[in-house]
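The structure appears right after this line, and notes come after that.
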Amino acid sequence: MTDISRTEPASRPFGDRFRDALPKLVLSPSVAMVAIFVYGFIAFTLYLSFSDSRVLPSYNLVGWKNYEFLFRIRAWDTAVTNLVIFGTLYIAICCALGLLLAILLDQKIRAEGFIRTVYLYPMALSFIVTGVAWKWFLDPGIGLEAVMRGWGWESFRFDWIKDSDMAIYTIVIAAVWQTSGFVMAMFLAGLRGIDGEILKAAQIDGASTFSLYRRIVIPQLRPAFMSAFVVLAHMAIKSYDLVVALTGGGPGNATEVPATFMYSYTFTRNQMGIGAASAVIMLMTIAAIIVPYLWSELREKK
Amino acid sequence: MSDATTTTPRIPEDLTAGGTRRRVKVRGSVVVMTLYLLFLMLPIYWLLNMSLKTNTEILNSFTLWPSDLTLANYRTILTDPSWYMGYVNSIIYVTMNTVISLAVALPAAYAFSRYSFLGDKHLFFWLLTNRMAPPAVFALPFFQLYSSVGLFDTHIAVALAHTLFNVPLAVWILEGFMRGVPKEIDETAYIDGYSFGKFFVKIFMPLIASGIGVAAFFCFMFSWVELLLSRTLTSVDAKPIAAIMTRTQGASGIDWGVLAAAGILTILPGALVIYFVRNYIAKGFALGRV
């Protein structure tokens with residue numbers, strides 16, 4: 001990009017100078033806002049996580065006590081384990097399903113535009129609605145199990161949502177339902193960017209369809225995989241609404257995730273310091289994923 | 001992305017095996033697509049089905065469609081203020097948020113797309129990363145700030161909190177669309193004597209109308225579905241519908257039918273908006289944005 005002001009006639013010096021300053025002028029409110037709110041607020045949460053705040057914020061520093069306490073709470077342990085299970089499965093299934101659908105959709109298919117729009121629809125739903133819909137569908141009393149039994153399959157059992165060992169997997173199902181279409185769209189955009197000449201050349205050399213995909217197409221989708229991973233990972237860490245609507249963290253606290261933990265400790269159990277500490281840990285986890293990604297992105301751009 | 005469809009190369013079909021193999025492959029993909037489509041439709045169908053039934057019918061027997069169709073659940077929602085005010089509240093703050101976000105993002109995106117200055121790429125990405133921060137980090141400070149200045153439980157409070165996440169996204173989307181407009185158009189307009197403001201509103205904005213549509217859609221959607229912040233920052237007067245739905249769930253006796261109807265009504269605005277901007281969204285994907 002060249003500086004636009006240099007191409008302007010020299011007869012309008014004021015306009016020139018104005019347009020020179022313009023980018024800084026229009027950007028400064030956004031930058032200032034972000035700086036104050038994002039970083040100021042992160043700093044405030046960070047400070048609270050080192051203080052003995054309970055119902056109200058307090059400014060007495062207590063060092064690492066909140067963090068020490070946090071890691072001794074069983075519910076936090078459950079929350080972290082759940083996040084690991086949920087995150088791994090969610091990312092893996094979404095990527096696999098998204099890739100499969102994108103490859104299938106990339107063949108010449110009638111009504112592609114229609115199918116693509118339908119696949120994107122779940123993304124426009126609130127996680128609350130997704131959660132409620134799935135909650136009832138999976139509920140043994142009124143959902144799938146009841147239907148199967150009503151149709152004569154008396155021994156049919158599907159009560160994962162009530163089973164504290166399996167409940168976390170129902171969250172994976174609902175989350176995959178919501179976002180796999182989105183991942184499909186990301187991969188589809190990536191597939192469309194691959195040079196057809198390479199594929200033709202490989203095919204003339206006798207490559208089978210399978211190895212064509214494995215050796216040429218999928219390696220070239222690396223950037224799409226990277227961005228899908230980053231988007232999905234941060235969504236997994238932030239997931240809150242879906243868990244609240246689907247299981248409410250239950251049965252017991254079997255499906256507690258860090259975000260629900262943070263909310264309940266801060267706003268219902270009045271342990272603000274511990275809540276803040278858990279929020280900080282979530283932030284650090286996301287940063288650990290995002291920062292290397294950004295770093296590599298920016299280095300490539302140069 | 002219809003433009004992309006026509007120009008881009010496709011994975012070539014197997015040249016030697018001829019028609020049969022191709023037909024098998026296509027049939028296989030149709031099966032997978034249909035299965036996935038069913039998977040997508042299932043919960044929505046379930047919800048719609050339940051919303052049209054009475055509670056006794058829901059609990060006692062299962063039918064694929066309501067045996068005595070009732071709109072009573074919808075009537076309850078549309079006549080009971082504690083329900084319909086949730087929608088009103090949500091719509092108020094979502095609209096506010098979309099307007100504010102776009103007003104801030106348009107000039108910023110223009111600056112990024114038209115001028116290069118020291119560290120612009122870094123600044124651009126830096127703005128975007130802020131969106132990734134968990135809302136949990138912001139819930140506490142916002143709560144404290146709003147409580148102390150008396151903004152707690154107002155619509156503008158939620159709208160402003162969501163702006164923090166929406167502005168970077170809107171800048172990102174808009175910048176992609178603006179980049180597609182040749183710079184000569186700006187220069188010609190200046191030579192023709194247009195002032196900057198007039199040029200921006202009269203000439204530039206119509207050119208990127210689809211971009212504005214997509215950005216508005218994403219601002220709308222994010223704000224519409226976000227729960228953690230909107231739930232934390234409101235209690236009665238500005239409580240969003242999503243929070244009302246979770247609250248009702250917590251009660252001992254669940255009014256299944258009404259809750260299902262509320263869910264269906266929550267889907268409607270999103271479905272409407274996505275229908276209107278569906279072609280633009282595809283364009284956004286083609287640009288690698290969104």
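Owing to the predicted nature of the structure, the values given are computational and were not obtained by experimental measurement. Naming: A, B, ... by sequence-line order, numbering from 1 per chain.
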**Report entry** B/Val104: partners by side-chain contact (heavy atoms from CB on, under 4.5 Å), with sequence neighbours left out
**Finding:** A/Ser30, B/Ile100, B/Val167
Query raised in the report: Quick one: what part of B/Phe220 sits under 4.5 Å from any heavy atom of chain A, side chain, backbone, both or neither?
Result: neither
Report summary line: Honestly, the part of B/Leu227 sitting under 4.5 Å from a heavy atom of chain A is both
Query raised in the report: In terms of heavy-atom pairs under 4.5 Å, which option from A/Gly190, A/Ala224, A/Ser180, A/Ala174 contacts chain B the most?
Result: A/Ser180
Query raised in the report: Between B/Arg231 and A/Tyr263, is any pair of side-chain heavy atoms under 4.5 Å apart?
Result: yes
Query raised in the report: Using a cut-off of under 4.5 Å for heavy-atom pairs, which of A/Val280, A/Leu101, A/Ile42 has the most such pairs with chain B?
Result: A/Leu101
Report summary line: Pair count under 4.5 Å, heavy atoms only, with chain B: among A/Leu97, A/Val291, A/Leu46, A/Ile286, highest is A/Ile286
Report task. Find the one option among A/Trp177, A/Phe37, A/Tyr39, A/Trp134 whose heavy-atom pairs under 4.5 Å with chain B are most numerous. Result -> A/Trp177
Query raised in the report: Can you name the residues that form a ring-ring contact (aromatic ring centres under 6.0 Å, His included) with A/Phe44, not counting sequence neighbours?
Result: none
Report task. Tell me, out of A/Met235, A/Met282, A/Met262, A/Gln178, who's got the most heavy-atom pairs with chain B below 4.5 Å. Result -> A/Met262
Report summary line: Closest non-hydrogen contact found for B/Ala161 with B/Leu233 is CB-CD1, 3.7 Å
Query - chain B interface, residue from A/Ala279, A/Gly275, A/Pro258, A/Gly131 that has the most non-hydrogen pairs under 4.5 Å - result: A/Ala279
Query raised in the report: In terms of heavy-atom pairs under 4.5 Å with chain A, which of B/Leu140, B/Ile267, B/Leu40, B/Leu47 leads?
Result: B/Leu40
Report summary line: Only one of B/Phe142, B/Phe222, B/Phe138 passes ring pair (Phe, Tyr, Trp, His ring centres under 6.0 Å) with B/His162, and that residue is B/Phe222
Report summary line: Bottom line for B/Leu42: the part with an atom under 4.5 Å from chain A's heavy atoms is side chain
Report summary line: Bottom line for A/Leu48: the part with an atom under 4.5 Å from chain B's heavy atoms is side chain
Query raised in the report: Hey, which of B/Val225, B/Ile241, B/Ile44 has the most heavy atom pairs under 4.5 Å with chain A?
Result: B/Val225
Report summary line: Turns out that what part of B/Ala260 lies under 4.5 Å from chain A's heavy atoms comes down to both
**Report entry** Part of B/Leu145 lying under 4.5 Å from any heavy atom of chain A
**Finding:** side chain
